[in-house]
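Quick note: residue numbers are just sequence positions, from 1. As a basis for the values below, the full set of heavy atoms in this structure was taken, side chains included, without hydrogen atoms, waters or symmetry mates.
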Amino acid sequence: MNRHRTIHFLRAWWHPLDSRWKDYDMRKAFTRKPQGDEPATRGKNYITPSGLQRLKDEHRFLLTRERPAVTKVVAWAASNGDRSENADYQYGKRRLRQIDGRIRFLTKRIDAAEVVDPERPRAGQAATLAFFGATVRYANAAGTERVVSIVGTDEVDLNRNHISWMSPLGRALMKSAAGDRVVLQAPGGTEYLTVLEVCYERISGEPFREPAGAEASAKGFPRRRESTDTG
């Protein structure tokens, strides 16, 4: 097997998930406070049912499908010669370390999960105030309205207007009710928001899907050629 073709193959299945994890880190930085500003219960991972299911689905995929598939590629690469100068082997081992790190992270987040169902019946103030799982409609000083749902740090989705309860906006809206005026201390400056409506309804997140280029989705992987192959 030509070495350049093999390296291209390994990069193809490695980068999609790699970029996705970089995106995760970026979103987290913009949607939650530094650890020093977190409450004493920061060990708990408040999350909605759909958010927890996504974590479990990704964990299962990495543990039972992606890791075994990459392990096979590493074994194939190891059979091709000196591992210290085998780029295929080095790429594969790096990918395995990345997968193992993600599996450990997901395991901790799942174990620490405190599930809060937005559809659970609420009475009294709990039904009218914005807490975790609330969907809030508010307006800024210019009168522009926006609707956001307050979710866990692992299920932030700005395209769906799902914000972290630890974010500046999430903190500003917490415990507010319709008619309240809240102060948002945002990086761009102070904003004054008027809460128009607070409700609790189903919050559906994006389900986990196998990333494009995942090794588990490949039809096969490069295998060792016979010794007659001089490429």
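- In this structure, the side chain of Asp180 engages the main chain of Ala177 through a donor-acceptor pair within 3.5 Å.
- Residue Arg102 holds its CZ atom at 13.5 Å from CG of Leu63, rounded to the nearest 0.5 Å.
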Stepwise side chain to side chain contact (heavy atoms under 4.5 Å, CB included) check, Ile103 with His59
CA-CA 6 Å; Ile103 289 174; His59 183 272; 3.9 Å; yes

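- For the residue pair Leu158 and Val156, the shortest heavy atom distance occurs at CD2-CG1, 4.0 Å.
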Would Arg181 and Leu193 satisfy side chain to side chain contact (heavy atoms under 4.5 Å, CB included), going step by step from the backbone distance to the final call?
CA-CA 6 Å; Arg181 193 166 184 245; Leu193 311 175; over 6 Å; no

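- Shown here for Gly133 and Pro118, the closest heavy-atom pair between the two residues is O-CB, 3.4 Å.
- Between the Arg54 side chain and the Glu155 main chain, no donor and acceptor come within less than 3.5 Å of each other.
- Between the Glu58 side chain and the Phe208 main chain, no donor and acceptor come within less than 3.5 Å of each other.
- Listed here is the closest heavy atom pair of Ile47 and Leu55: CD1-CD1, 3.7 Å.
- Looking only at side-chain heavy atoms (C-beta outward), Thr194 and Tyr138 stay at 4.5 Å or farther from each other.
- The side-chain heavy atoms of Asp100 and Arg67, taken from C-beta on, include a pair separated by under 4.5 Å.
- For the pair Leu169/Arg146, a side-chain contact is recorded, criterion being any heavy-atom separation below 4.5 Å from C-beta on.
- When atom types are taken as modelled, the side chain of Ser167 and the backbone of Ile163 share no donor-acceptor pair closer than 3.5 angstrom.
- The salt bridge (charged side-chain N to carboxylate O under 4.0 Å, His left out) check on Asp117 picks up nothing, with sequence neighbours excluded.
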Name each donor-acceptor pair under 3.5 Å that joins a side chain in residues 195-204 to protein atoms two or more places apart or in another chain, with its distance.
unit_1 : atom_1 : unit_2 : atom_2 : d
Glu197 : OE1    : Arg137 : NE     : 3.3
Tyr200 : OH     : Leu129 : O      : 2.6
Tyr200 : OH     : Phe131 : N      : 2.8
Arg202 : NE     : Ser204 : OG     : 3.2

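- Residues Glu66 and Ala216 share a closest heavy-atom pair of OE1-N, 2.8 Å.
- Connection of Val151 to Val148 is not established within any shared hydrophobic cluster, with ILVMFWY side chains joined at heavy-atom distances below 4.5 Å, either directly or through further cluster members.
- With a 4.5 Å cut-off on side-chain heavy atoms, Asp154 and Asn45 count as touching.
- In this structure the side chain of Leu184 never reaches within 4.5 angstrom of the side chain of Thr190, judged on heavy atoms.
- The minimum heavy-atom distance linking Leu52 with Ala113 is given by the pair CD1-CB, 3.8 Å.
- Counting heavy atoms from C-beta on, the side chains of His162 and Ser149 come closer than 4.5 Å.
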Run the side chain to side chain contact (heavy atoms under 4.5 Å, CB included) test on Val115 and Tyr46 for me, step by step, so that the C-alpha distance in whole Å, both residues' side-chain angles and the decisive distance to 0.1 Å come before the verdict.
CA-CA 6 Å; Val115 180; Tyr46 292 105; over 6 Å; no

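- Residues forming a salt bridge (charged side-chain N to carboxylate O under 4.0 Å, His left out) with Arg60 (at least two apart in sequence, or on another chain): Asp57.
- Annotation for Trp165 and Gly152: closest pair CD1-CA, 4.0 Å, computed over non-hydrogen atoms.
- When side chains are defined from C-beta on, Arg94 does not count as touching Tyr91, because their heavy atoms never get closer than 4.5 Å.
- The shortest side-chain heavy-atom distance between Leu96 and Val74 falls under the 4.5 Å cut-off.
- Atom CD of Glu215 sits about 9.5 Å away from atom CZ of Arg95, to the nearest 0.5 Å.
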